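For clarity, every value in this text was computed on a predicted model and none was experimentally measured.
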Amino acid sequence: MIASLVIGILFLVGGLVLRYWINRRKFYRRSPMGAEGFSSYESSVFIKLLERIGKWIAYAMIIFGLLALWAYSREKKEKEKETIEQPVQRK
């Protein structure tokens with residue numbers, strides 16, 4: 001039960017950090033006129049491909065993290081419901 005909470009938080013934070021890092025690199029690569037600066041055409045294509053793949057990975061991590069947190073909340077509700085519904089056993 002706690003594992004889904006930890007995994008959910010780690011994946012959610014990791015996905016958000018990855019998106020932030022990619023967008024920050026893209027922002028600082030721009031010139032004052034708004035054009036991105038690359039040393040060559042090949043590096044432009046390669047970097048843009050890696051950033052696109054990285055963003056998809058970040059989105060997948062965010063979605064997985066949210067699903068893990070949702071699973072944790074469902075497990076917690078079921079456990080609370082189970083403890084409430086248990087009859088008191090008398091000797």
Going by atom type alone, with no hydrogens or angles, which donor-acceptor pairs under 3.5 Å involve a side-chain atom of residues 46-55 and a protein atom two or more places apart or on another chain?
| from | atom 1 | to | atom 2 | distance (Å) |
| --- | --- | --- | --- | --- |
| Glu51 | OE1 | Arg29 | NH2 | 3.1 |
| Glu51 | OE2 | Arg29 | NH1 | 3.0 |
| Glu51 | OE2 | Arg29 | NH2 | 3.0 |
| Lys55 | NZ | Asn23 | OD1 | 3.0 |

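- How far CG of Leu18 is from CH2 of Trp56: 14.0 Å, rounded to the nearest 0.5 Å.
- One hydrophobic cluster, built from ILVMFWY side chains closer than 4.5 Å, holds both Leu69 and Ile62.
- When all heavy atoms of Gly15 and Ala58 are compared, the pair lying nearest together is O-CB, 3.5 Å.
- For Arg30, the CZ atom is densely surrounded, since the number of other residues' heavy atoms within 6.0 Å is greater than 12.
- Listed by chain and number, the residues in a ring-ring contact (aromatic ring centres under 6.0 Å, His included) with Tyr72 amount to none (sequence neighbours excluded).
- Leu67 and Met61 sit in two unconnected hydrophobic clusters of ILVMFWY residues. Membership requires side-chain heavy atoms under 4.5 Å apart, directly or through other members.
- For the pair Arg19 and Trp21, the cation-pi criterion (under 6.0 Å, within 45° of the ring axis) is not fulfilled.
- Contact record, Ala68 with Ser4: CB-O, 3.6 Å, taken as the closest heavy-atom pair.
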Quiz item: After noting the C-alpha distance and the side-chain angles of Phe38 and Val45, does the key distance pass the side-chain contact (heavy atoms from CB on, under 4.5 Å) rule?
Solution: CA-CA 10 Å; Phe38 293 100; Val45 171; over 6 Å; no

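- In this structure, Ile63 CD1 and Leu12 CG are separated by 11.0 Å, a value rounded to the nearest 0.5 Å.
- Under the 4.5 Å side-chain heavy-atom criterion for ILVMFWY residues, a single connected hydrophobic cluster contains both Leu5 and Val13.
- Considering only heavy atoms from C-beta on, Leu66 stays 4.5 Å or farther from Phe11 through its side chain.
- In this structure, the separation between OH on Tyr59 and CG on Leu16 is 10.5 Å, given to the nearest 0.5 Å.
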